[in-house]
Amino acid sequence: ILSNSRAASTHHIVPFLDKSMAPAIAAKPLLSDLVAQSRQVPSSHIRAVGDRPDLANVDHESGAGIPLIDLKHLDGPGRRGVVEAIGAACENDGFFMVTNHGIPEAVVEGMLRVAREFFHLPESERLKCYSDDPKKAIRLSTSFNVRTEKVSNWRDFLRLHCYPLESFVDQWPSNPPAFREVVGTYSTEARALALRLLEAISESLGLERGHMVKAMGRHAQHMAVNYYPPCPQPELTYGLPGHKDPNAVTLLLQDGVSGLQVRRDGRWVAVSPVPGALVINIGDQLQALSNDRYKSVLHRVIVNSESERISVPTFYCPSPDAVVAPAEALVDGGHPLAYRPFTYQEYYEEFWNMGLESASCLDRFRPNACWTVQPAGCGQQNLTGHKCCLLPMMCRHTGRPLKDARSRQI
Ligand code: OGA
Ligand code: NI
């Protein structure tokens, strides 16, 4: 019976396990194919009453709903003003939009076109890429993490690792035939923009221009191609429930359909797409690297009954082995080290395991009873019974690694 949502997701992995389950609906791993069979939201996707979007209680502002920043003068004499605007948006909103971002219109249009073509391919063709394993570099899946979540989300998504491009492009879908070339071009352009933004963000914090780029090791870049089918009852479900992005910075390309909402002052604010603009948001890694000055902000996606929606976030991240810790200049008596150092891999695994609806993943890395740092040189590292951190600890006053200080795993 499908009243239990987990039954539905286990079911589509092993459809023949229990003959009493409703076969026609549950046998579809992807939402796009499931909705084609039904004009109602299946029970697997219906949220509990207190956990629904409450659409009447959303602010629809005039304009984009978040700051709109023109990057035209970023690389000229006007740089300082643009950098300041970016810094203010990172500190106050965690979200902003950019125009004149340098990615050619034809590249953006190509990306959206090929994304739509991909999701309109026959089911058998799309299913070749299907996997529910979050560790896979290339996969098509549904919802967020069907292995851990209780209620599914109204979304299918293709997830691709994009950098270094030559390491991954041969594993990308080869259908539609233009996919690899078009998406490769877009992801290369998106990376160039991410690097320019990271430079501006470094400067806005009073750091060297190359600081963030250096702090992220060899870097990684992931892309999601999100497909939100029209939904007969949008008030019952989410495209994506409220979450914060785990990466450093996200560059979101969306088609003209609204759906993104951002949390501000305890309210949800609808972000209206601006033609030609990209949405940029700070992820958890930039919050940690800025020692909590810049905010990774909750956002969610609402679906609608009229149109499908496509969005393409580029998640720019540290490489898995990069140790994430703020610049010394951002740590002092008034601004103690906000998080213990961690590798991005450690963080990322925690993120996928805990699921989207839990409290912020970053909070699990805050100093607490299990983890404290003593000033360098005091010789007492408070190590008894601590779990989690196998990295050298850092001094909360200087941000420098504490020599030989290691916590133990319990
Ligand atoms: C995401 C996300 C927003 C959107 O994929 O993390 O927040 O508009 N997407 O699809
Ligand atoms: Ni997100």
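Both counts, for ligands and for their atoms, begin at 1 and track the order of listing.
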- Apply ring pair (Phe, Tyr, Trp, His ring centres under 6.0 Å) to Phe144 and Phe351, showing your working. CA-CA 11 Å; Phe144 170 69; Phe351 173 80; 5.8 Å; yes
- side chain to side chain contact (heavy atoms under 4.5 Å, CB included) between Cys90 and Leu286: does it pass, once the steps are laid out? CA-CA 9 Å; Cys90 294; Leu286 274 179; over 6 Å; no
- Query: Asp133 and Ser131: side-chain hydrogen bond (donor to acceptor under 3.5 Å, both in side chains), yes or no, with the steps?
  - Reply: CA-CA 6 Å; Asp133 179 0; Ser131 166; 5.3 Å; no
- Message: Does Arg126 form a side-chain hydrogen bond (donor to acceptor under 3.5 Å, both in side chains) with Asn175? I'd like the steps, not just the answer.
- Response: CA-CA 9 Å; Arg126 278 176 287 123; Asn175 196 6; over 6 Å; no
- Residue pair Thr314, Val249: steps toward the side chain to side chain contact (heavy atoms under 4.5 Å, CB included) verdict: CA-CA 8 Å; Thr314 289; Val249 64; over 6 Å; no
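When each atom of ligand 1 is checked for a heavy atom of Ser311 under 4.0 Å away, the hits are 4 (C), 8 (O), 10 (O). Of all atoms in ligand 1, numbered sequentially from 1 with element shown, those under 4.0 Å from a heavy atom of Val301 are 3 (C), 4 (C), 8 (O), 10 (O). Against a heavy-atom cut-off of under 4.0 Å, Leu240 is close to the following atoms of ligand 1: 1 (C), 2 (C), 5 (O), 9 (N).
The option with the heavy atom closest to atom 9 (N) of ligand 1, from among Val257, Val279, Asn226, is Asn226.
In summary, the aromatic rings of Tyr348 and His222 are positioned with their centroids under 6.0 Å apart. When ring centroids are compared, Tyr316 and Tyr344 stay outside the 6.0 Å threshold.
Using a 4.0 angstrom heavy-atom cutoff, Pro313 counts as in contact with ligand 1. Residue contacts with ligand 1 include His299, since one or more of its heavy atoms lies under 4.0 Å from the ligand. Not a single heavy atom of Arg300 sits less than 4.0 Å from an atom of ligand 1. Contact analysis puts Phe315 in contact with ligand 1, with a non-hydrogen atom separation below 4.0 angstrom.
Side-chain contact of Gln221 with Ser187: a donor-acceptor pair under 3.5 Å is absent, judged by distance alone.
Among all protein heavy atoms, the one lying closest to atom 6 (O) of ligand 1 is His243 NE2, 3.0 Å. Of all protein heavy atoms, the one lying nearest to atom 8 (O) of ligand 1 is Arg309 NH2, 2.9 Å.
Residue-level proximity to ligand 1 for Leu252 is carried by the side chain, the only part with a heavy atom below 4.0 angstrom.
Within Asp245, the N/O/S atom positioned nearest the Ni ion (ligand 2) carries the name OD1.
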